[in-house]
Amino acid sequence: MTYLRPDDIHARADLDEATREFLTTRLMTWLTNETNFAVPTASAKGRITLAGNAKPGTVKGEIVNSGLMYKNFAITLGMTHLARGFQQQGLKGKAKYLVPMIIGGTVMGAFAYEIKQIAAGKKPTSPENMGVRYWINAAIYGGGLGIFGDFLFSDQNRYGGSISKTVAGPVVSFIGDLINLTVGNASEALSGEKTNAGKELAAFIQRYTPGNNIWYTRLITERLIFDTLEKLLNPNYARDTRRNVRRLKKTTGQEYWWSP
């Protein structure tokens with residue numbers, strides 16, 4: 001097998017220096033682009049397309065940065081493979097590129113989803129419960145936006161956040177959760193309304209404790225530490241737990257193999 005390396009072009013004596021530099025740069029650019037297609041890598045182009053001229057350190061810049069956080073894979077996929085697919089000639093050419101990619105991504109998304117369910121203490125989804133909504137969720141997972149698939153089954157994501165908080169990103173979500181925990185509960189208490197301060201405090205501590213999302217320790221810490229903490233702080237823990245178990249069974253047909 002014979003390889004053409006950029007150094008081979010640059011070392012040729014029968015080409016002038018400008019031509020050698022031009023051809024070497026073109027080949028290196030092609031290699032870099034194909035590598036970024038094979039292993040999706042966050043690009044400046046994708047970030048600038050969405051962030052525009054929003055500067056870090058400004059209010060607008062930090063809100064935009066929060067919204068883009070943890071969404072780089074989906075953005076990169078759109079700027080590379082989806083863009084390349086739509087650039088193919090004719091409907092047949094587009095379908096030949098995009099259909100296998102979408103089907104393959106959906107199957108792998110379903111596989112990733114089931115692994116996460118097991119890691120979260122839930123039993124895998126049974127085949128009879130794999131309806132249209134399930135496969136839409138799998139396609140979203142395959143595109144790197146699995147957290148948005150949570151809203152197909154609930155009005156909250158897996159961390160208890162609303163869709164607006166999910167779109168806004170983790171920084172804005174943290175500020176919102178902090179305000180709800182402090183000012184929100186104080187306002188409810190002063191107006192005579194019932195508060196869920198204990199439950200919200202336990203959820204806040206769990207959500208923002210560093211390292212709590214490490215996949216091989218997350219379930220153990222949830223069951224042995226955070227469930228115990230919530231049981232101490234939330235007087236309605238048993239009722240809330242039963243309701244969550246019933247809701248899971250109703251929406252996805254799943255049960256826990258290690259329930260709260």
Side-chain angles (χ1 to χ4, degrees), residues 59 62-71 113 116-123 133 137 140-141 145-260:
V59 174
E62 293 307 312
I63 291 175
V64 170
N65 285 338
S66 176
L68 295 179
M69 200 176 293
Y70 306 132
K71 301 177 180 73
Y113 173 78
K116 287 186 177 181
Q117 298 305 293
I118 295 171
K122 302 171 186 175
K123 295 180 181 179
R133 186 168 55 175
N137 177 56
I140 296 172
Y141 257 81
L145 291 173
I147 195 167
F148 288 97
D150 296 348
F151 296 105
L152 292 171
F153 305 102
S154 174
D155 58 353
Q156 294 182 332
N157 63 32
R158 68 201 66 166
Y159 305 111
S162 63
I163 190 168
S164 59
K165 286 184 178 180
T166 305
V167 172
V171 176
V172 175
S173 294
F174 171 77
I175 295 173
D177 289 342
L178 186 61
I179 292 173
N180 289 337
L181 181 63
T182 54
V183 178
N185 278 296
S187 176
E188 289 175 350
L190 290 173
S191 60
E193 298 179 28
K194 185 179 179 180
T195 68
N196 292 315
K199 180 180 179 179
E200 292 177 9
L201 176 59
F204 185 88
I205 294 172
Q206 178 179 346
R207 195 172 303 148
Y208 298 108
T209 296
N212 75 316
N213 278 332
I214 300 175
W215 69 268
Y216 49 86
T217 60
R218 178 182 175 183
L219 183 59
I220 296 173
T221 55
E222 277 188 7
R223 294 295 175 263
L224 301 184
I225 299 175
F226 294 119
D227 283 359
T228 304
L229 177 65
E230 185 178 351
K231 188 182 295 185
L232 294 172
L233 296 175
N234 180 13
N236 299 316
Y237 173 78
R239 186 191 65 189
D240 291 344
T241 300
R242 288 194 300 270
R243 184 169 62 244
N244 290 336
V245 171
R246 287 196 300 268
R247 185 189 297 126
L248 178 69
K249 179 69 174 178
K250 181 179 179 180
T251 55
T252 67
Q254 290 175 277
E255 297 177 344
Y256 284 93
W257 64 266
W258 189 356
S259 59

(request) Quick one: pull up CG in Leu190 and CG in Asn185 and give me the separation to the nearest 0.5 Å. (result) 11.0 Å

(request) Just do the side chain to side chain contact (heavy atoms under 4.5 Å, CB included) check on Glu230 and Lys199 with the steps written out, would you? (result) CA-CA 6 Å; Glu230 185 178 351; Lys199 180 180 179 179; 3.8 Å; yes

(message) Using modelled atom types and a 3.5 Å cut-off, is there a donor and acceptor pairing between side-chain atoms of Asn137 and backbone atoms of Arg133?
(response) no

(message) Return the CZ to OG1 distance between Phe204 and Thr209, rounded to the nearest 0.5 Å.
(response) 9.5 Å

(message) Restricting to non-hydrogen atoms, name the atom on Asn212 and the atom on Arg218 that form the minimum distance, rounded to 0.1 Å.
(response) O-CG, 3.2 Å

(message) So Trp257 and Leu219, do their side chains get closer than 4.5 Å, heavy atoms only?
(response) yes

(request) For Thr241 and Pro260, work out which heavy atoms get closest and say how close. (result) CG2-CB, 3.7 Å

(request) Could you pull out the closest heavy-atom pair between Tyr208 and Phe174, with the gap in Å? (result) OH-CA, 3.2 Å

(request) Would you mind telling me which of Lys123, Lys250, Lys122 makes a salt bridge (Lys or Arg N to Asp or Glu O under 4.0 Å) with Glu255? (result) Lys123

(request) Report the distance from atom OG1 of Thr228 to atom CG of Leu232, rounding to the nearest 0.5 Å. (result) 7.0 Å

(message) Quick check for you: to the nearest 0.5 Å, what is the distance between Asn213 atom CG and Thr221 atom OG1?
(response) 8.5 Å

(message) So, taking the atom named OG1 in Thr195 and the one named CG in Leu181, what distance separates them when rounded to the nearest 0.5 Å?
(response) 10.5 Å

(message) What's the separation between atom OG in Ser187 and atom CD1 in Ile179, rounded to the nearest 0.5 Å?
(response) 12.5 Å

